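Worksheet: one structure, shown below.
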Amino acid sequence: MAITVNIYYSGEAGQARRFAEEMVSGGVVRAIRAEAGNLRYEYFFPMDDPETVLLIDSWRDQAAIDAHHASPMMAQIVRLREKYGLHMRAERYVSDEAGIPEADKAFIKT
């Protein structure tokens, strides 16, 4: 069972995008991706909202998330969020062990 958290960072005047760029250029993203249990840590930019950045953050289980939250990276993330004056909204999802149903696969082109 994987846990995925979608985090929407919002700011003003391009601050959310600058936050994501600094997370990548500063090596924080690389360090988080190397943590035990991290499955995905990736930023996306919504086409209809230039002041928001979406982070898709997936972990093997709650224990991996808890270890990440206790890691030194969290202090760096908090510092950067404050630096760029960001607000957050989060959605949490737990993976379906059965995967994609056969009926749905007909709509997915690989």
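As the structure is a computational prediction, the values presented were derived from the model and not from experiment. Count residues from 1 along the sequence.
Leu54 and Val5 fall into different hydrophobic clusters, defined by Ile, Leu, Val, Met, Phe, Trp and Tyr side-chain heavy atoms under 4.5 Å apart, directly or through other members. One hydrophobic cluster, built from ILVMFWY side chains closer than 4.5 Å, holds both Ile7 and Met74. Under the 4.5 Å side-chain heavy-atom criterion for ILVMFWY residues, a single connected hydrophobic cluster contains both Trp59 and Met23. The hydrophobic clustering, which links ILVMFWY residues whose side-chain heavy atoms are closer than 4.5 Å, places Val94 and Leu39 apart.
In this structure, Ile3 CD1 and Asp57 CG are separated by 10.5 Å, a value rounded to the nearest 0.5 Å. Atom-to-atom distance recorded for Glu51:CD and Leu86:CG is 10.0 Å, nearest 0.5 angstrom. Annotation: the span from Asn6 atom CG to Arg89 atom CZ amounts to 9.0 Å, rounded to 0.5 Å. For the atom pair Ile65 CD1 and His68 NE2, the distance stands at 8.5 Å (nearest 0.5 Å). Taking CD1 from Ile56 and OH from Tyr93, the interatomic distance works out to 10.0 Å, rounded to the nearest 0.5 Å. Here CD of Glu22 is found 10.5 Å from CD of Gln15. Values are rounded to the nearest 0.5 Å.
Within 6.0 Å of atom CZ in Arg60, more than 12 heavy atoms from other residues, nucleotides or ligands are found, so the atom counts as buried in its surroundings. Annotation: Ile108, atom CD1; neighbour count of heavy atoms from other residues, nucleotides and ligands within 6.0 Å is above 12. Around CD of Glu12, the count of heavy atoms belonging to other residues, nucleotides or ligands within 6.0 Å does not exceed 12.
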Show your working on side-chain contact (heavy atoms from CB on, under 4.5 Å) between Arg81 and Val78 and close with a plain yes or no. CA-CA 5 Å; Arg81 281 192 322 231; Val78 169; 3.4 Å; yes
Quick one, Ile77 with Ile32, criterion side-chain contact (heavy atoms from CB on, under 4.5 Å). Give me CA distance, side-chain angles, the key distance, then yes/no. CA-CA 11 Å; Ile77 294 168; Ile32 292 168; 3.7 Å; yes
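A salt bridge between Glu21 and Arg17 is present, with a side-chain N of the basic residue lying under 4.0 Å from a carboxylate O of the acidic one. Under 4.0 Å is where a charged nitrogen must lie from a carboxylate oxygen, and between Glu82 and Arg79 no such pair does.
A distance-only check finds no donor-acceptor pair linking the side chain of Ser58 to the backbone of Arg40 [under 3.5 Å].
What you find for Asp61 and Ala64 is that their closest heavy atoms are OD1-N, 2.9 Å. Nearest heavy-atom pair across Val28 and Met73 is CG1-CG, 4.0 Å.
No side-chain donor from either of Tyr41 and Glu35 sits under 3.5 Å from a side-chain acceptor of the other.
Tyr8 pairs by the ring pair (Phe, Tyr, Trp, His ring centres under 6.0 Å) definition with nothing, not counting sequence neighbours.
Residues Val53 and Phe44 fail the side-chain proximity criterion, which asks for heavy atoms closer than 4.5 Å.
In this structure, Phe19 and Tyr9 have tilted ring planes: the angle between them lies in the 30° to 60° band.
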